[in-house]
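Down below is the structure, laid out as structure tokens.
Atom set for the values below is all heavy atoms of this structure, side chains included, hydrogens, waters and symmetry mates excluded. Throughout, a chain's letter reflects where its sequence line sits, starting with A, and its residues are numbered from 1.
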Amino acid sequence: MARTVQLWRDEAPPAPMLATPCELDALNLDNSSMLYEQKFDGIRAIVIVEPAHPSARVRLLSRNGNDKATQFPEIVRALRELAAQLSGTVILDGEVVALDARGQPASFTALQSRMHLKGAMDIDARSATVPTALVVFDLLREGVEDLRPLPLAARRARLEYLLHVRTSERLREGLYVAGHGRNVLAQAKREGWEGLIVKDADAPYLSGVRSRTWRKVKLHKTATLVIGGWTDPKGTRSGFGALMVGRFTDARGKPARPAKGSDATLCYAGNVGGGFSDAAISDLLLRLRPLARTTSPFVDAPRARGQHWVDPRLLCEVRFSEWTPEGRLRHPVFLGLRDDVGPDAVDPTGRDGSPSRPAQQPRPRATMRESSLEGAGVDMDASERRPYLPITAIVEQLQLLEDAGRDGSLTLPDGVLEVTNPKKVFWPASGLTKGNLLRYYARISPWLLPVIADRPLVMKRYPNGVLGKAFYQQRAPDTVPAGVNVQVVEGDEDDDGPMPRLIGGSLLTLLYVAQLGAISLDPWFSRAASPAAADFVAIDLDPMPGVPFAQVRDVARWVREALVMLDVPAALKTSGSSGLHIYIPLAEGTSYQSGQLLCQIIATAVASQHPKVATVERAVARRGRTVYVDYLQNIEGKTLACAYSARASQFAGVSTPLQWDELDQDIRPEDFTLENAFTRFETTGDLWNPILRGTPVDLRAVIGRLGG
DNA sequence: GCGATTT
DNA sequence: AAATCGCAACGCCCT
DNA sequence: AGGGCG
């Protein structure tokens, strides 16, 4: 029966077809109508090649449709050679891979160094040291013809014919084997492939669909493990031989978080001796030596000569083939340090394929934006992998700029930021500089970014430090660095029309506002996408001049008592200036007005019970020497400095989350500064995000209790 | 801090 | 070329 | 309606 030719009619570039993840045991290895391919560890690309006439054009589109052509000029050159021999447009599906010294596809980590580069010079420099190639495995369009309805086997045949004698070092055809699954799997294990792709030879190409006619199975596992020590080098190796790594587990042997006071213990998981470059070894030793201690942090590590122990604080990513029955890593390879997360913020159980992923949030509030290049909602393979641009590397860049006292550019995972005057003193009392501010924000970003994600930011800018003249700025600058998040909130206009605002959530945007001299971070209580719905409300305890801080703590305790009575959860933090903030998470979609009503009731009650200490009086002159209990900030567009924000206070305060029982200790706002707050954060862990993501208040229930 | 405007 | 300027806005409470 | 407040 003659098959009519389907004409290509889409205007938009096609989205790639995706494979369904599959366990190895569930894989069909005995079906001769399956095609088996090597799974590559690179960047998926839809490639559109238009012929030289009328004008050659090559596009290299990522899963999200971003054109990566400028980042891989050597591949584009190869594709242009192909274009010269074409008479019609072709669309290919493939994977950009890094090549190792032998010209074989290498690991994703090699590619990562290429992914963020913007400048032509950088790209040229890297293309010499990290060559790349395009591995093509499907043909979607040839001339006017849409091949996607054809069976895969037919498309592969057409692809083979098209690329015949046209492949090169840079442009390769992905190999496949029809049937013989067991043999392919054996080869894959022998050669250490990342994984296998298994495709139904009869299936059409379904753009943008994760189909079960394509399966992917991982042969490697990945885990995040805690470094507990290292061993002496042997032979020609310098620095260390291997890292000794482990996992925190609780009394029942389940993976656990090393929370303060818990009985979590560190279980030895083996030595990791492969995957290090010389540079990585010396860098690691630099970080490990300061953590050295004399006793083993492991409960169960075998003793041997040449072992050195460290405090179990550093986390690393390890790729390995499987867990041995004794709970040790088989074939472990070091991938990198996990210092892109805050102290203790990680899931120490790692992502090793075991069913230990924490349950999903009940709703999508304030979760950290995927910082991956490809953005959110992409194929798991890439989104699981953070770009390896460790926070420490960013802090080092900043330190270099500040030491040199020079302006310069800062390379971040999501863009490039020009930094000026890193040595300018922002806090004369302590001599802290703009560079100190930028470094602090870079370090705290894993905890801070979720707090401001998707929220419009009001800037109060201090370009000349905390003693200089300050001004507010709501409207985003006309031009911002590429990658900085600017959005218009629905219905938000002023005389100049729609109001573009800076939206928090990315490291680039965070450091950009700091570069502009915005010392504190002041996010809305609602998110840009739903401006009328407050995610939380706050009560601001602000002592009048001369009021001892002990009284502020008293008022906070009374507020807390009222909240506990109503069964309302709340979070406490210093404002970073002179007072305290109490935040109350709200159920989804709660209006500002009803949230504010709750605060008003509590504030008024406390003030009337303790009139000498607390007041809700708006007129400053009539407040006396009391603590002002301000419930008025709970209005759309109003802000408070957020948790982990620096402040323009004389002492360079940081808004520091507190535990309620700390109100009984003699703590003061001045105890937590830009210089020392991080030390505390390392020991307390992230006190803020868990509470604000915890069970929110359903106001109807509270009002029910109020009514009695 | 920075771009636009005024001197 | 140098100096200067603008960079927020509005809902609430009390009078 | 106007002023102070944040």
Side-chain angles (χ1 to χ4, degrees), chain A residues 401 406-410 417-426 433-435 437-438 456-481 484 486 488-489 491-502 509 511-520 522-526 531-532 534 537-545 575-579 581 591-597 599-601 603-604 607 615-624 626-642 647-649:
Chain A
L401 286 178
R406 282 211 324 266
D407 296 357
S409 56
L410 186 67
L417 179 67
E418 297 301 323
V419 171
T420 63
N421 297 318
K423 235 174 172 161
K424 185 182 251 189
V425 173
F426 271 16
T433 63
K434 186 176 173 183
L437 179 68
L438 287 163
L457 300 174
V458 174
M459 288 187 286
K460 187 172 185 185
R461 295 177 54 188
Y462 294 81
N464 293 302
V466 300
L467 300 184
K469 193 171 289 173
F471 58 91
Y472 283 96
Q473 183 170 342
Q474 304 249 20
R475 176 176 287 268
D478 290 337
T479 59
V480 300
V484 166
V486 173
V488 175
V489 172
D492 184 25
E493 320 193 354
D494 69 359
D495 300 343
D496 296 347
M499 184 87 163
R501 293 174 182 273
L502 290 169
T509 306
L511 296 186
Y512 174 58
V513 301
Q515 153 63 21
L516 290 177
I519 289 174
S520 66
D522 300 84
W524 285 16
F525 294 4
S526 51
V537 282
I539 296 175
D540 176 12
L541 307 183
D542 198 10
M544 294 297 99
S575 73
S577 185
S578 60
H581 290 162
S591 70
Y592 275 95
Q593 204 178 37
S594 46
Q596 178 164 47
L597 184 61
C599 294
Q600 178 174 18
I601 291 166
T604 312
T615 181
V616 291
E617 174 59 56
R618 295 265 293 155
V620 173
R622 300 172 51 168
R623 282 181 202 158
T626 59
V627 177
Y628 176 45
V629 185
D630 185 359
Y631 60 88
L632 83 308
Q633 284 305 100
N634 305 302
I635 288 167
E636 181 177 333
K638 284 196 175 294
T639 63
L640 236 40
C642 67
R647 298 301 304 274
S649 50

Please check if the side chain of A:Asp522 supplies one atom and the backbone of A:Cys642 the other of a donor-acceptor pair under 3.5 Å.
no
Mind checking the C1' distance from B:dC2 to C:dA9? Whole angstroms is fine.
22 Å
Rounded distance (Å) that lies between atom C1' of C:dC10 and atom CD of A:Gln633
12 Å
Need one value for A:Arg623: base, sugar-phosphate or nothing, where a base atom within 4.0 Å counts as base even if backbone is also close, heavy atoms only.
sugar-phosphate
How far apart are the closest heavy atoms of A:Ala514 and A:Leu437, and which atoms are they?
CB-CD2, 4.1 Å
So which nucleotide from C:dC7, C:dC13, D:dG6 ends up closest to the side chain of A:Gln600?
C:dC13
Given C:dA9, C:dA8, D:dG6, identify the nucleotide with an atom nearest to the side chain of A:Asp494.
C:dA9
Picking from B:dC2, C:dA8, C:dC14, the nucleotide nearest the side-chain atoms of A:Leu516 would be B:dC2
Take atom CG of A:Asp540 and atom P of D:dC5, then tell me their distance rounded to the nearest Å.
16 Å
Please check the phosphate of B:dG1 (OP1 and OP2 only) for any side-chain N or O of A:Lys434 closer than 4.0 Å.
yes
A:Lys460 side chain to A:Gln473 side chain, donor-acceptor N/O pair below 3.5 angstrom
no
So, does A:Arg461 get its side chain near the phosphate of C:dA8, meaning an N or O under 4.0 Å from OP1 or OP2?
no
Stretch residues 418-426 of chain A: residues that reach within less than 4.0 Å of DNA chain B through a heavy atom
A:Thr420, A:Asn421, A:Lys424, A:Phe426
Closest nucleotide among B:dG1, C:dC10, C:dT15 to the A:Lys638 side chain:
C:dC10
How close or far is atom P of C:dC7 from atom CZ of A:Arg501, stated in whole angstroms?
15 Å
Please report the shortest heavy-atom distance between A:Val488 and A:Asp492, naming the atom on each side.
CG1-O, 4.2 Å
Please confirm whether the backbone N or O of A:Gly576 pairs with a side-chain atom of A:Ser649, one donor and one acceptor, at under 3.5 Å?
yes
Quick check against the 3.5 Å criterion: does A:Arg461 have a side-chain atom that pairs as donor or acceptor with the backbone of A:Gly517?
no
How close or far is atom P of B:dA4 from atom CG of A:Asp478, stated in whole angstroms?
7 Å
Distance-only polar pair, side chains of A:Ser526 and A:Glu636, donor-acceptor under 3.5 Å:
no
Taking A:Tyr631's backbone N and O only, do any of them form a donor-acceptor pair with A:Gln596's side chain (distance below 3.5 Å, no angle check)?
yes
Once you round it to whole Å, what is the distance between P of B:dA4 and CZ of A:Arg475?
14 Å
Separation of A:Trp524 atom CH2 from D:dG6 atom C1', in whole Å?
17 Å
Looking across every strand, which nucleic acid part, if any, lies under 4.0 Å from A:Val458 by heavy atom: base, sugar-phosphate, or nothing?
nothing
Rounding to an integer number of angstrom, what distance separates C:dC7 and D:dG6 when you compare their P atoms?
24 Å
Donor/acceptor link under 3.5 angstrom from A:Arg618 side chain onto base of C:dC14:
no
What is the distance, to the nearest angstrom, from the CE atom on A:Met459 to the C1' atom on C:dA9?
15 Å
Using whole Å, report how far CD of A:Gln473 lies from P of C:dA9.
11 Å
Is A:Gln515 near enough to B:dC2 that one of its side-chain N or O atoms lies under 4.0 angstrom from OP1 or OP2?
yes
